[in-house]
Structures are given as C-alpha cells and as structure tokens.
Novice: 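To start, I am sharing the structure in question, which I have written as structure tokens.
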Amino acid sequence: MKTAILGPAQRAEALARMAERELDILVVGGGVVGAGTALDAATRGLSTGLVEARDWASGTSSRSSKLIHGGLRYLEMLDFALVREALKERGLLLERLAPHLVKPVPFLYPLQHKGWERWYAGSGVALYDAMSVSSGHGRGLPVHRHLSQKRALRVAPCLKRDALVGALQYYDAQMDDARYVATMVRTAAAYGAQVANRARVVGFLREGERVVGVRVEDVEGGGDYEIRAQQIVNATGVWTDDTQALIGERGQFHVRASKGIHLVVPKDRIHSTSGLILRTEKSVLFVIPWGRHWIVGTTDTDWDLDKAHPAASSADIDYLLEHVNEVLATPLTRDDVEGVYAGLRPLLAGESDATSKLSREHTVAHPLPGLVVVAGGKYTTYRVMAKDAVDEAVHGLDQRVADCVTEDVPLVGAEGYKALWNARARIAARTGLHVARIEHLLNRYGSLTEELLELVVADPSLGEPLAHADDYLRAEAVYACTHEGARHLDDVLTRRTRISIETFDRGTRSAREVAELIAPALGWDEDQVEKEIAHYRKRVEAERESQRQPDDLTADAARLGAPDIVPL
C-alpha cells in the first residue's frame, strides 16, 4: 500500500478535488471518530472526504487520559455490553490494528479494607480478564494478580504504608491519542480519502429537505469551497449541537461537555514500576506511566464555556493534587507539575445532572435526508462508532456497498513494525543513532520510521535531539509538517510531539528552534516565524494564567486572552 503524505501541497490538492465532483461521503470533524469514519468509508470503496476546522485531534481526541481500556468501573455499573465491546477493541488495537502505537500498561489498585474488598474487587478484575479473553483478542495481556501489602509496596514504594492493606495489579493499554488520530488520517488518505485540516464548515447546502453538501472556508489560504456529497456525517463531538445549528434544525439528541483535566509530572516524583488507579468520591483517579513522566487525572465536571480551549482552574489542579497525595508518601506540589491539559468528553445528554453518570455509549441518527450524526462513545470504541455511522449513511446511497472491513485494516506503520523492532540494534548501528532513539521512533511511527530516517540521511543535523526537548529528534518536527499535516508551531509542539506538556517551560524554549526548522517546509518568511513564536508564547501564558484562577469562569476568561490561530 502506498503511504499517503500529508504536506501543504497535498492539503491544497485535496480541497480542490473535494470541490470538483460529488463525493459518496463527506465527514465533518477530524477527531478520532471522524478519522475512523473516513477510514471505514474509504476502505469500503466509497469516494470519501474529511474536513476539520482546526488541526487533526485538536479537540477532545488529543486531551484524553491516553488509555485504551475496557472501562473497569463500568462493570460496577453492570454495563457489561459496553465493557465487552471495549475489551474486544482493545485487543484488536494491541494485536492487529496498531501494535506500534498501542502498548500494555500495568495498574495497581490499592485495597484499603481487609477481607471483603479483596473478594469484591478481585471478582471484578477476574471478570474483566475473562471478558477480554472471551473476546478472542485479549490473550496478549498478562492476567491480574493479588499482592500483599509488602509486595505492593515493592511494586510502588511511593505509597504510604497505611494507604493500603494489599493490592490488585491488572493490565490495560495506552497510546498517544493525537498521534493515533494523525496516523489514522494518513491511513484513510492512503486508501483514497481526500483530507484537509484547517478547513472550517460554515454552512450546509440544501435542496428542499435534503442536505447535499457543505460550504467550507479555507482557514489557511483563504477562499471558500462548495463540497457536495450524497451523505454528510457530522462527527464533531462536543460541537455536535453547534454543527447542527448551522443547518437550522434541532438535533434528535443533545451532547453535554464534561471537563477532565490532567497533570503531567516527572517520572522521579513518583517511585513506582506500575500505574495506579485510585477511587475518589465521584469516580476514579489514574496515575499513568508516560515515558519519562506520569499523567495524573482526571476530573469530571460540567462545562458550558468555550469548547475550543477548555481551561483548567486552580481548583481543578488542587483537586487532583489533594486526591493523589492521600496515598503518596512524598506528596506532590505545584512545583512538581510540568504540564496541565484539559479536555471535554462528549456525553449524550440524559436525565442525570451529574456528568459522571451520563452515558458513554454512542448514538447514530439520520435527522435529515443526506445527514448522519454520530455522537457520544469513548475513544477505545471509535471503530465501532465509525462502522455504525457509515452503515447508517449507506442507507442513503444509491449503490451496493461492501460491509465494514476495518477490523482487518492495520494503520500505516503497523505492517512490518515487529520485524523492524527485532532489527532495532542493526538499524541503530546503520544510522549511528542510539538504540533507545530507534525504539522511540518505532513506537511513534512504526515502519514509517524509515521515512523519517531518510530525512536524517539527507540532512544529518536532523538526527540531533531538540536542544530543550531532547526526547525528540529535530527530524520529527520537520516530518510533522512534510508528512503529518502540521500547519503551525502549535500543531508540532502540542500534538505531533507532546513538548507542550512534557517540559516545565511548556515548550517556550523549544519554540524558536522548531519554528525555524519547519519554516522551509511550510513556506514561512522571517515575519511569519516571529508571529508563530509570539503566538505560541502568548498561548502558553494564557494557559498559565488560567491555571492561577479560582474557578471555571475566570479561568475561561484568562485562557481566551490568546487567539486561536496565526493567520498566514
């Protein structure tokens, strides 16, 4: 299969092609569900388009807990169907669809009561493992184990001795959520989908009752396009109601936004060889291994302010620190926090006032001829949501369409990944890079690593690490723009890499080096380089200011102090 390249020229060509002739399916929204829907449609042989108003995964799909999991807590809610479905998807992603991106991760669940709690929690975890294996795709993960207090403290010496009487350890999986979406967009493009980010839908085209297309504003180059399609799929997550409002029709359901924030702290601040899962009064709290860092999260609160840039307040940060410090022998402080990010979950509005009790299941509707809406769900089950959305859209197509095949379609970079992993020492010797660097690249790009190494061969200076973010090679910044659709400095520092949350300076010290590296690929002059740097620094300062505010309202106002995008 030919690997798709998502550079500036390909984006412009995709917009032009989408406007040339009527598509079978146009997907609006470039998060995990939209990207998955485009991949599903393209692999059924349908002419497919995908447009996204900002950057790929710039909303919810880059701000999750970065877990691929069955949802252990949903067992307690007796939602067995949701857990079974998610566990099957977890196994597929680990074993077949994206082994280069999705990795096993252990979690320790401290027990605080003798006797009944070990039986109660142990039964739940045992059922979780059994459901995973019965799905036919769960044999790759170790089964859970029971630990005494002494053995648990050996695994996680960071815990207070009086915080547990024993523990359970079980496995789930994790990924870099934004990288996963960008890889899926490239996969869809490789199967023929036309894809364009920074392409905002500003209106819908109607012929009588039927929706026949959209009006799209090219946010980057200016100009408007009319893109026609037999079926439009609205996959805009927390923006679902806003998108529906452009048509002038009430939706059949509503989506509420629930804010979740996460903290990123250095690896040495928490001494453990396993992630942690802790109960809170409202939900659960995760401490998740993340390279040379930990991710601590999340919160679950209603949010009805700016959807593009949900803000973490000082109260949110205090909440997480307070709860994680209840079990840590050496408490975390504000000074330990490298990064903070906030995301919004799209929850189907229901009878419950508490967002933590709203449904994580998804819904697909066909409110008007030519328009399908998909909303709700969770990251892990994106493929099922995409399948259901395309199945619904197919009803409106005047042709026979093949069934979904994405269960057997690996993402680009998966094919050949394991062979390259086995040869990583040889690749390191050939390239002169340390084997740890090759492992880092393989676990971010899979077999596409060879493309990135070609950049290093052409310009050896790209094989050097970034000066102030040495987890990443200079080549990765360039590759983000030439191959992965990054259009701005913010795209590279926030989503193609995670420098914005993995460094105490939030990426500001890397901004100039990265901007100057990517300028030739994006056709920037010196003036645009300075604009990009100034914009990024202003964005970081606005986020820092929001995190000093006492509540959502003041935090939101502070975060809105930085504009969304730098015009070219």
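Since we're looking at a predicted model, the values are computed, not measured. For this chain, numbers begin at 1 and follow the sequence in order.
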Novice: Tell me, do Tyr109 and His144 make a side-chain contact under 4.5 Å, heavy atoms counted?
Specialist: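 Counting from C-beta outward, Tyr109 and His144 never come under 4.5 Å.
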
Novice: Going by heavy atoms in the side chains, are Leu67 and Asp172 under 4.5 Å from each other?
Specialist: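 Not in contact.
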
Novice: Has the side chain of Trp56 got a donor or acceptor atom that lies under 3.5 Å from a matching backbone atom of Gly485?
Specialist: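 No.
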
Novice: Using a strict 4.0 Å threshold on nitrogen-to-oxygen distance, state whether Arg474 and Glu513 make a salt bridge.
Specialist: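 Judged by the 4.0 Å cut-off on N to carboxylate O distance, Arg474 and Glu513 do form a salt bridge.
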
Novice: Testing the 3.5 Å rule here: is there a donor-acceptor pair between the side chains of Asp551 and Ser313?
Specialist: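 Side chains of Asp551 and Ser313: no pair found under 3.5 Å.
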
Novice: Quick one: pull up OG1 in Thr494 and CD in Glu543 and give me the separation to the nearest 0.5 Å.
Specialist: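 With rounding to 0.5 Å, OG1 (Thr494) is 7.5 Å from CD (Glu543).
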
Novice: Inspect the contact between Asp177 and Arg63 and indicate whether a charged nitrogen and a carboxylate oxygen are less than 4.0 angstrom apart.
Specialist: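 No, Arg63 and Asp177 are not salt-bridged.
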
Novice: Hey, would you say the His440 and Tyr472 ring centroids sit under 6.0 Å apart?
Specialist: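 Here the rings of Tyr472 and His440 have centres that are less than 6.0 Å from each other.
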
Novice: Got a second to check how far Ile270's CD1 is from Leu328's CG, nearest 0.5 Å?
Specialist: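 With rounding to 0.5 Å, CD1 (Ile270) is 5.5 Å from CG (Leu328).
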
Novice: Hey, does the side chain of His468 reach the backbone of Ala511 with a donor-acceptor pair shorter than 3.5 angstrom?
Specialist: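 A pair under 3.5 Å: no.
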
Novice: Give the ring-plane orientation class for Tyr180 versus Tyr379, where under 30° counts as parallel, over 60° as perpendicular and anything between as tilted.
Specialist: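 Geometry flag for Tyr379 against Tyr180: perpendicular rings.
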
Novice: Rounded to the nearest 0.5 Å, how far does CZ of Arg345 lie from OG of Ser258?
Specialist: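 Result: 4.0 Å between the selected atoms.
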
Novice: Using a 6.0 Å cut-off, check whether atom NE2 of His271 has over 12 heavy atoms from anything other than its own residue.
Specialist: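 It does not: His271 NE2 has 12 such atoms or fewer within range.
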
Novice: Taking the six-membered ring of Tyr319 as reference, does the cationic atom of Lys259 (NZ for Lys, CZ for Arg) lie under 6.0 Å from its centre and within 45° of its axis?
Specialist: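 No, Lys259 does not sit over the ring of Tyr319.
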
Novice: Is a donor on one side and an acceptor on the other found under 3.5 Å between the side chain of Arg90 and the backbone of His69?
Specialist: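 Not at all, since once roles are kept as given, no pair shorter than 3.5 Å links the two residues.
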
Novice: Would the distance check show the side chain of Asn325 and the main-chain N or O of Leu332 forming a donor-acceptor pair, the cut-off being under 3.5 Å?
Specialist: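 Checked: pair present.
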
Novice: Output the distance between atom OG1 (Thr503) and atom CZ (Arg498), rounded to the nearest 0.5 Å.
Specialist: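 Here the rounded value is 13.0 Å.
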
Novice: If you define the side chain from C-beta out and look only at heavy atoms, does anything of Ile288 sit under 4.5 Å from Ser65?
Specialist: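 In short, these two side chains touch, coming nearer than 4.5 Å.
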
Novice: Evaluate the ring planes of Tyr120 and Trp116, with Trp represented by its six-membered ring, and classify them as parallel (under 30°), tilted (30 to 60°) or perpendicular (over 60°).
Specialist: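 Answer is tilted, since the angle falls between 30° and 60°.
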
Novice: Quiz question: by atom type and distance under 3.5 Å, do the side chains of Ser314 and Arg334 form a donor-acceptor pair?
Specialist: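 Ser314 vs Arg334: donor-acceptor pair found between side chains.
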
Novice: Any carboxylate oxygen within less than 4.0 angstrom of a Lys/Arg side-chain nitrogen, looking at Arg548 and Glu541?
Specialist: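 The answer is yes: the pair qualifies as a salt bridge.
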
Novice: So does Pro289 get a backbone contact from the side chain of Trp294, meaning a donor-acceptor N/O pair under 3.5 Å?
Specialist: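 No: the side chain of Trp294 does not pair with the backbone of Pro289.
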
Novice: Going by heavy atoms in the side chains, are Glu451 and Tyr445 under 4.5 Å from each other?
Specialist: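 Heavy-atom side-chain distance check fails, nothing below 4.5 Å.
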
Novice: Does Val478 offer a backbone N or O that forms a donor-acceptor pair with the side chain of Thr482 under 3.5 Å?
Specialist: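 Confirmed, Thr482 side chain pairs with Val478 backbone.
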
Novice: Sequence neighbours excluded, which residues qualify as side chain to side chain donor-acceptor pair (under 3.5 Å) partners of Arg161?
Specialist: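 With neighbours one apart ignored, the set is Gln149.
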
Novice: If you measure from CG on Leu6 to CG on Asn197, what distance do you get to the nearest 0.5 Å?
Specialist: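 It is 8.0 Å, given to the nearest 0.5 Å.
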
Novice: Hey, what do you get for NZ (Lys378) to CE (Met385), rounding to the nearest 0.5 Å?
Specialist: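 It comes to 11.0 Å.
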
Novice: Is there side-chain contact between Leu168 and Phe107, with heavy atoms separated by less than 4.5 Å?
Specialist: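 Heavy-atom side-chain distance check fails, nothing below 4.5 Å.
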
Novice: Quick test of your reading of the model: are Asp268 and Arg292 salt-bridged, counting only N-O distances below 4.0 Å?
Specialist: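 Answer for the salt bridge query: no.
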
Novice: Would you say that more than 12 heavy atoms from the other residues, nucleotides or ligands in this model lie under 6.0 Å from the NZ of Lys267, or not?
Specialist: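 Yes - once you tally the heavy atoms of other residues, nucleotides and ligands closer than 6.0 Å, there are more than 12.
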
Novice: For Val32, is there any backbone N or O sitting under 3.5 Å from a side-chain donor or acceptor partner on Ser61?
Specialist: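 Flag set: sc Ser61 to bb Val32 pair under 3.5 Å.
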
Novice: Measuring only between side-chain heavy atoms, which start at C-beta, is Leu147 closer than 4.5 Å to Leu108?
Specialist: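 Contact flag for Leu147/Leu108 side chains = yes.
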
Novice: Do any N or O atoms from the side chain of Arg506 and from the backbone of Glu338 form a donor-acceptor pair under 3.5 angstrom?
Specialist: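 Confirmed, Arg506 side chain pairs with Glu338 backbone.
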
Novice: If you measure from the Lys or Arg side-chain nitrogens to the Asp or Glu carboxylate oxygens, is any gap between Glu450 and Arg430 under 4.0 Å?
Specialist: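 Salt bridge present between Glu450 and Arg430.
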
Novice: Would you please name every residue forming a side chain to side chain donor-acceptor pair (under 3.5 Å) with Arg426, sequence neighbours left out?
Specialist: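 By the side chain to side chain donor-acceptor pair (under 3.5 Å) rule, Arg426 matches no residue at all.
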
Novice: Closer than 3.5 angstrom, by distance alone: can the side chain of Arg496 be matched with the main-chain N or O of Glu484 as a donor-acceptor pair?
Specialist: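 Indeed, once roles are kept as given, a pair shorter than 3.5 Å links the two residues.
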
Novice: Counting distance only, does the side-chain N/O of Thr298 pair as donor-acceptor with the main-chain N or O of Ile261 below 3.5 Å?
Specialist: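 Flag set: sc Thr298 to bb Ile261 pair under 3.5 Å.
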
